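Each remark here refers to the structure printed beneath this line.
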Amino acid sequence: MNKNILGVIDATTYLDPLKELTEQRVLAALPFGGRYRLIDFVLSSMVNSGITSVGVFPKYHYRSLMDHLESGKNWDLNRKRDGLFFFPAPNLDIPFQHIGSFQCFSYHLDYFRRSSQDYAVVSNCYTILNIDFCEILDKHIENGCDITQVVHKGKPLEVYLLKRELLIDLIVQRDITGYQCLYDALEDPHIPYQVCNYEYEDYCVMIDSIQSYYETNLELLNPFNWKKLFKESQPIFTKVKDEPPTKYTRNSLVKNSMVANGCIINGHVENSIISRAVKIGKGSVVKNCVIMQKSNIGENCVLESVILDKDVRIEDGVELRGTADHPIVIKKGTVQGVLMG
Amino acid sequence: MVRKKCVAMLLAGGQGSRLNELTQNIAKPAVPFGGKYRIIDFTLSNCTNSGIDTVGVLTQYQPLVLNNYIGIGSAWDLDRKNGGVTVLPPYAETKEVKWYTGTASAIYQNINYIDRYNPEYVLVLSGDHIYKMDYSKMIDYHEEKGSDVTISVIEVPWDEASRFGIMNTNSELEITDFEEKPKNPRNNLASMGIYIFSWSVLREALIKDGENPDSTRDFGKDIIPMMLREKRKVNAYPFKGYWKDVGTIKSLWEANMDLLDETSSLDLFDHSWRIYSINPNQPPQFVASDAEVKDSLINEGCFVEGCVEKSVLFQGVTIHKDAKVCEAVVMPGAVIGEGAYIERAIVPTGLRVPENMVICPEGGREDIILVTETMIKERSMAK
């Protein structure tokens with residue numbers, strides 16, 4: 001058991017390229033992989049690394065994030081001692097900063113001061129990965145580093161490990177040092193600290209555009225990636241819903257797809273990610289699509305390279321064809337009829 | 001303690017010996033059902049959905065899995081400050097250890113538990129039936145009729161009536177007498193093993209029965225006949241809908257198959273009456289390019305590369321390439337090897353069926369096979 005790291009998830013990020021999917025929700029709560037939300041991957045990694053205190057710093061529409069995380073129960077973070085803490089930004093006019101925004105942290109400095117952990121991991125909320133922070137801490141100590149940043153194939157993942165005391169210093173002295181976030185500090189070639197890189201070699205993707213969102217979802221259909229991400233010893237936790245198992249009728253034809261629970265599949269599904277409680281009507285064809293939870297596709301529809309957000313209704317006979325480079329995005333809660341085009 | 005209107009007592013101590021190896025290490029209510037549930041989920045969910053938040057679960061036979069599964073009841077929203085779920089095992093007293101020798105003795109020995117809540121009614125349930133029922137309507141009926149006891153009954157086909165406990169009633173649905181598995185049934189109303197008692201009446205009856213050394217301490221054989229003799233008001237509550245006793249391999253298999261039948265009245269997709277269970281934390285199911293899935297119910301964490309037809313797959317099942325399962329129930333974590341063929345069978349939790357092994361009933365379509373470790377060893381040797 002390693003009780004020595006504090007988890008800090010910066011969920012303040014807004015990325016304009018993902019605008020269509022994040023108009024009504026904070027990026028951390030974006031559904032992914034059939035039954036998860038983006039934040040699940042880093043949060044589960046923290047929990048699996050023995051981290052028992054996690055602070056989540058959201059901004060913008062965080063209702064869906066709060067609804068998803070609840071008391072932290074699904075991550076075993078509903079604890080008397082430590083647990084899950086929610087620190088919304090008190091105002092929205094904080095200028096956009098990279099991961100580890102010291103201003104956002106400064107409003108909740110008490111959390112950092114009261115915590116007893118020696119180290120802190122500061123992470124973004126939109127990277128799909130399954131990482132062991134204990135191993136990073138071991139390397140960090142072994143190499144006498146002040147700040148370790150996690151990199152993948154040389155590219156920074158915006159995940160940092162440092163002493164909690166150092167993090168507090170950086171937050172408090174941000175106007176003196178000029179570093180407004182951890183990213184700034186690491187960009188400075190003259191940074192007065194020992195900075196180390198930790199190369200994370202396993203599967204990981206930062207979701208920063210519709211394209212990467214779409215591709216990464218479909219990449220899960222490669223069993224090699226699937227097995228890298230969903231390890232038995234390091235499960236990805238998420239909010240569980242009491243959905244029944246998925247029902248495949250005699251008309252169903254499903255190939256190379258990932259399907260969550262509670263669906264009723266009456267049609268043809270190929271190379272797609274189908275989330276919880278989706279209904280696909282008779283005679284419909286769904287190919288290369290990402291269908292989010294509770295969407296309802298009528299009969300005799302054709303959907304190719306489409307991202308359907310949550311609660312979308314596609315009426316009978318609708319045809320939607322995107323391309324691999326430009327998938328069509330249908331916004332949350334909308335109805336798509338034949339005449340609407 | 002805040003008074004409760006109704007406390008449910010769920011009898012979950014039975015062995016279910018007719019389920020053979022399936023209940024070797026677990027109590028019958030803990031047997032997996034329907035791709036993700038255990039049998040007891042149906043009664044526990046019925047309690048929650050009926051607004052009953054105080055449930056005593058009486059355990060005795062192989063309780064480890066069941067106790068662990070029920071936990072503090074949070075899966076069924078039964079983790080309450082006042083009430084909630086309480087597991088009630090038999091216990092030792094100053095002079096002796098008292099096992100639950102019959103259904104009534106299990107309740108008798110927990111009079112203290114029920115008294116804590118001082119309820120108006122006690123609902124006695126058994127944890128081995130599959131059905132969805134609003135117990136609050138039955139309580140209303142009990143109140144309307146001014147009954148001392150209400151027994152839920154279901155109409156069964158006349159030619160099957162001799163397999164059940166049959167309630168003979170008058171035109172007012174008052175029960176006049178009770179016959180256990182009658183050779184020549186006079187009625188076709190079978191007891192569902194669901195009783196509502198006015199607590200004061202039951203309490204008195206249990207204590208009286210407790211003093212009778214000849215009693216078998218059974219509700220059907222002792223308590224109800226005694227109440228009838230004493231001219232208590234015992235009413236039948238007619239239930240319509242899906243109800244199945246899953247006490248045998250065949251009936252357990254049939255009930256699983258009923259979930260695939262679109263005309264069946266047992267609907268798991270009804271959000272207004274959810275069946276709650278402990279959700280395993282597993283990734284979505286993966287259906288590979290070579291897979292073929294028809295007419296089936298599949299849970300999270302399954303990895304399907306072969307052919308699945310008219311089957312129910314529980315969480316974490318693997319069906320390898322060129323394997324085929326047909327009219328089968330495959331329990332959690334089981335693995336069906338490449339090229340294997342399974343028909344009309346139940347594959348228990350975690351079992352590995354080797355490559356190319358064929359398992360299907362030889363005695364005709366009526367048989368259902370419970371695949372076992374021994375069976376697999378014998379067949380592997382015979383090769």
Side-chain angles (χ1 to χ4, degrees), chain A residues 32-36 40 44 71 73-76 78 217 220-223 225-227 229-232 235-266 269-279 293-294, chain B residues 33-37 41 45 48-49 74-77 79 256 259-262 266-271 273-305 308-318 333:
Chain A
F32 180 85
R35 65 180 297 245
Y36 303 96
D40 291 345
S44 301
S71 61
K73 192 172 182 179
N74 287 301
W75 293 266
D76 210 17
N78 56 333
N217 264 291
L220 293 179
L221 298 175
N222 179 343
N225 296 335
W226 196 83
K227 283 176 181 163
L229 208 51
F230 302 113
K231 303 173 192 170
E232 228 169 283
I236 304 297
F237 301 100
T238 188
K239 182 182 182 182
V240 293
K241 293 275 187 170
D242 288 87
E243 294 288 353
T246 278
K247 195 170 206 166
Y248 296 80
T249 70
R250 69 199 54 167
N251 306 311
S252 78
L253 182 69
V254 180
K255 301 269 174 214
N256 197 37
S257 295
M258 226 164 101
V259 187
N261 267 359
C263 299
I264 298 178
I265 300 186
N266 234 319
V269 178
E270 221 176 299
N271 304 327
S272 296
I273 304 287
I274 312 292
S275 308
R276 185 171 67 71
V278 164
K279 292 189 176 65
Q293 60 268 44
K294 296 196 277 182
Chain B
F33 176 80
K36 108 173 245 196
Y37 310 96
D41 286 330
S45 301
T48 299
N49 288 325
S74 31
W76 304 271
D77 209 14
D79 50 336
N256 274 285
L259 294 172
L260 304 176
D261 180 357
E262 272 156 46
L266 181 63
D267 179 11
L268 297 177
F269 287 77
D270 177 6
H271 280 185
W273 202 271
R274 276 188 206 259
I275 303 303
Y276 299 103
S277 65
I278 293 205
N279 290 273
N281 193 72
Q282 300 232 18
Q285 53 206 262
F286 182 72
V287 182
S289 300
D290 308 321
E292 205 175 308
V293 180
K294 294 235 182 270
D295 233 348
S296 294
L297 210 52
I298 302 185
N299 197 11
E300 285 163 358
C302 287
F303 202 88
V304 182
E305 291 178 298
V308 179
E309 222 180 287
K310 287 193 183 158
S311 294
V312 176
L313 307 191
F314 285 73
Q315 64 267 23
V317 163
T318 306

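Because the structure is predicted, anything quoted here is derived from the model rather than measured. In what follows, chains are A, B, ... by sequence order, proteins preceding strands, each numbered from 1.
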> Hey, does B:Pro284 have a side-chain heavy atom less than 4.5 Å from the side chain of A:Tyr36?
Replying inline: yes
> Which one of A:Asn261, A:Val240, A:Ile264 has the most heavy-atom pairs closer than 4.5 Å to chain B?
Replying inline: A:Asn261
> Do other residues, nucleotides or ligands put more than 12 heavy atoms under 6.0 Å from A:Lys239 NZ?
Replying inline: yes
> Say you draw a straight line from CG of B:Asn281 to CZ of A:Arg35; how long is it, rounded to the nearest 0.5 Å?
Replying inline: 5.5 Å
> In terms of heavy-atom pairs under 4.5 Å with chain A, which of B:Ala288, B:Gly301, B:Gly35, B:Gly316 leads?
Replying inline: B:Ala288
>> My understanding is that only one of A:Ile274, A:Thr246, A:Leu221, A:Val254 makes a side chain to side chain contact (heavy atoms under 4.5 Å, CB included) with B:Val287; could you say which?
In response: A:Val254
>> What's the separation between atom NZ in A:Lys241 and atom CZ in B:Arg274, rounded to the nearest 0.5 Å?
In response: 7.0 Å
> Checking heavy atoms, do the side chain of A:Glu243, its backbone, both or neither come under 4.5 Å from chain B?
Replying inline: both
>> Quick check on B:Leu259 against chain A: is it the side chain, the backbone, both or neither that has a heavy atom closer than 4.5 Å?
In response: backbone
> In terms of heavy-atom proximity below 4.5 Å to chain B, should A:Phe237 be classed as side chain, backbone, both, or neither?
Replying inline: both
> At what distance, to the nearest 0.5 angstrom, does CZ of A:Arg250 lie from CD of B:Glu309?
Replying inline: 10.0 Å
> Is it the side chain or the backbone of A:Lys227 that comes within 4.5 Å of chain B heavy atoms, both, or neither?
Replying inline: side chain
>> Between B:Lys294 and A:Ser252 (side chain of the first, backbone of the second, donor and acceptor by atom type, cut-off under 3.5 Å), is there such a pair?
In response: yes
> Any idea which of A:Pro223, A:Pro235, A:Ser257 has the most non-hydrogen atom pairs under 4.5 angstrom with chain B?
Replying inline: A:Ser257
>> For chain B, which candidate among A:Gly34, A:Ala260, A:Ala277, A:Ser275 shows the most heavy-atom pairs at distances under 4.5 Å?
In response: A:Ala260
>> Go through it in stages, so that I can follow the logic: the residues are A:Asn256 and B:Phe286, the test is side-chain contact (heavy atoms from CB on, under 4.5 Å), and I'd like the CA-CA distance, side-chain angles, deciding distance and then a yes or no.
In response: CA-CA 7 Å; A:Asn256 197 37; B:Phe286 182 72; 3.7 Å; yes
> Is a side-chain N or O of A:Asp242 found less than 3.5 angstrom from the main chain of B:Ser277, in a donor-acceptor match?
Replying inline: yes
> What part of B:Tyr37 is in contact with chain A, defined as an atom under 4.5 angstrom from a non-hydrogen atom: side chain, backbone, both or neither?
Replying inline: side chain
> Which bit of B:Glu305 comes within less than 4.5 Å of chain A, counting heavy atoms only: side chain, backbone, both or neither?
Replying inline: neither
> Regarding A:Lys279 and the six-membered ring of B:Phe269, is the cationic atom NZ or CZ under 6.0 Å from the ring centre and inside 45° of its axis?
Replying inline: no
>> Please classify the contact between A:Lys73 and chain B as side chain, backbone, both or neither, with a heavy-atom cut-off of under 4.5 Å.
In response: side chain
> If we only count heavy atoms from C-beta on, is the A:Lys247 to B:Leu268 side-chain gap below 4.5 Å?
Replying inline: no
